[in-house]
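Atom set for the values below is all heavy atoms of this structure, side chains included, hydrogens, waters and symmetry mates excluded. So you know, we letter chains A, B, ... as the sequences are listed, proteins then strands, and number each from 1. Everything quoted here is computed from the prediction, not taken from an experiment.
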Amino acid sequence: MATVIPLKPAQGPTASAVRLTDIAIEFRIKGRPPYKAVAPTSLAVADGEFVAIVGPTGCGKSTLLNAVAGLLKPAAGKVEVYGQALAGLNAEAGYLFQQDAVMPWKTALDNVAIALEIKGVGREDALGAARDWLGRVGLGRFLDRYPHQLSGGQRKRVGLAQVLIRQPKILLMDEPFGPLDAQTRQIMGSLLLDLWAGDRKAVLFVTHDLEEAIALSDRVLIMSAGPEARIIGDHRIDLARPRDAADIRTHPRFHDIHKAIWGQLRAEVIKTYGEEA
Amino acid sequence: MSRAGLLSLQILVGVVLLLIWHVGATIPIFGYTLLPKFFFSTPIDVASRVVQMFAGGKIWGHLYVTLLETVLAFAIGALGGIAIGFWFARKPLAAAVFDPYLKMVNALPRVVLAPIFMLWLGLGIWSKVALGVTLVFFIVFFNVYQGVKEVSPVVLANARMMGMNERQLFRHVYWPSALSWMFSSLHTSVGFALVGAVVGEYLGASAGLGYLIHQAEGVFDTTGVFAGMVVLAGFVLVVDWVVTLVENRLLHWRPQSAAAQA
């Protein structure tokens with residue numbers, strides 16, 4: 001009767017999946033003062049939340065994402081993943097890169113299976129799971145193709161399966177559909193939403209396409225023009241789910257939201273070009 | 001142009017060249033032989049000598065020796081190049097320290113090393129292997145070094161995020177990348193292994209194609225020299241064909257156009 005179990009601090013499931021506190025990122029350039037890419041800024045992504053970061057080109061969106069991934073060490077501030085300070089690479093996160101990141105010397109099937117094999121899953125089980133995942137992203141007929149034999153959109157699907165097969169708790173996406181044509185982007189967006197609806201991971205999605213951001217996410221964060229970029233806007237997107245990434249764009253509410261956010265974003269885009277001119 | 005048309009043109013060029021050689025060597029023009037037999041032999045003599053060599057069966061031993069030297073030179077040179085290439089690419093300090101010495105050795109015309117190898121290793125196959133190794137090593141080394149250095153940073157970051165440790169990165173990322181660079185220079189490096197073997201044999205040996213040519217030259221047997229050259233050319237073509245087969249087998253993941261350009 002005497003022992004009183006102390007209450008644990010409010011962590012675990014209620015803690016944010018990702019929390020950045022006063023993050024600043026600098027790049028050292030020889031013989032010049034360091035370039036301050038990101039000024040002290042904060043953001044949080046709740047568990048199961050789909051958050052998009054939108055900003056003008058070169059504002060440091062990807063840099064911020066790399067800090068969350070642990071690929072880049074911030075000059076100041078704190079990165080926390082489920083309440084734990086991040087040390088080294090973010091093991092909870094799967095990262096879908098903007099450029100092609102699949103291994104060109106492996107077939108689609110091997111590229112996806114390897115993500116499990118390196119964790120010690122047996123070859124046959126890994127291949128089975130990889131077949132399953134490639135089927136889910138619509139590549140069931142292209143298992144034995146090498147990346148160069150696939151289209152840009154198909155390579156992205158391989159990348160998506162490669163990330164999702166590991167069942168990461170957090171998904172980091174850096175303009176993943178950027179290099180694709182407009183139609184393929186919408187199809188990939190719908191595919192992503194379908195897959196995400198299954199287990200609702202926390203997603204941090206970087207894009208320069210505001211429409212894409214609104215169509216996919218629960219919250220849209222606006223980043224200011226660099227240098228010393230920071231988050232200057234936080235907009236909740238109250239469009240009903242499940243959504244279709246293509247159809248939602250014709251919804252009247254979509255236009256209202258777009259109009260409200262675009263006003264803020266436009267000022268930053270103009271600033272970027274003003275400085276370059 | 002159609003395949004057959006191209007082939008017939010290619011054959012035509014060969015026939016015309018052989019014809020000029022034959023006529024120049026056998027038919028005097030205004031009492032003057034353009035290509036004296038003593039210096040140029042004739043295509044028919046050379047051809048019959050080649051047939052004799054194979055019919056007599058002596059040539060096989062020489063071919064075997066040259067092939068053995070080539071294979072050993074390639075294998076040892078490639079292993080060394082891969083090991084050192086990886087080491088330097090992963091440890092920039094080592095690369096920086098050894099850089100001037102590597103440049104120096106690579107700048108040296110390798111033929112001048114032949115006498116010293118002969119002194120150290122004798123007239124047997126190993127002095128020729130050593131000469132070939134010095135040629136092969138640098139080609140493989142530079143390519144593996146580039147291959148490891150030029151792994152796409154995105155592929156690497158992706159593999160890291162996937163959770164690969166250093167050993168797995170080596171096996172699934174660095175190694176395939178380095179191999180693709182090495183194999184793209186396979187024709188050159190195998191060719192150089194053969195050059196090392198033949199030049200070594202030419203400078204002093206008791207067997208091999210280079211030795212055969214040198215022997216014929218020593219007794220002013222022009223026909224023998226030409227016959228040796230013909231056999232050597234055929235041998236190189238066969239080796240090159242095998243290399244192409246190996247290359248297609250190992251680099252099948254690469255786009256055709258890029259593989260063809262390399």
Honestly, the part of F97(A) sitting under 4.5 Å from a heavy atom of chain B is side chain

d(M162(B) CE, I165(A) CD1) to nearest 0.5 Å is 10.0 Å

Item checked: Validation row: E117(A), Q168(B) side chains within 4.5 angstrom (heavy atoms) -> no

Tightest non-hydrogen contact, residues H172(B) and M103(A), listed as O-SD, 3.5 Å

Heavy-atom nearest pair, A101(A) first then V154(B), reads CB-CG1, 3.6 Å

Note: G163(B) and I118(A) closest approach over all heavy atoms is C-CD1, 3.8 Å

**OP:** Determine whether more than 12 heavy atoms belonging to other residues, nucleotides or ligands lie under 6.0 Å from atom CZ of F192(B).
**Re:** no

Using a 6.0 Å cut-off, check whether atom OH of Y64(B) has over 12 heavy atoms from anything other than its own residue.
no

- Flag yes if more than 12 heavy atoms outside R19(A) fall under 6.0 Å of its CZ atom; otherwise flag no. no

Looking only at Q149(A), K119(A), Q162(A), the option with the highest number of non-hydrogen pairs under 4.5 Å against chain B is Q162(A)

Per side-chain contact (heavy atoms from CB on, under 4.5 Å), W105(A) is matched among L250(B), V173(B), L179(B) by V173(B)

Q. Should we say atom NZ of K106(A) is surrounded by more than 12 heavy atoms from elsewhere, each under 6.0 Å from it?
A. yes

On a heavy-atom basis, the closest approach of D100(A) and V155(B) is O-CG2, 4.4 Å

Applying a strict 4.5 Å limit to non-hydrogen atoms, the region of A69(A) in contact with chain B is both

Scored by heavy-atom pairs under 4.5 Å with chain A, the best of S180(B), A157(B), A159(B) is A157(B)

Value for CD1 (I114(A)) from CZ (R171(B)), rounded to nearest 0.5 Å, stands at 6.5 Å

Under 4.5 Å to a heavy atom of chain A? For S177(B) that would be both

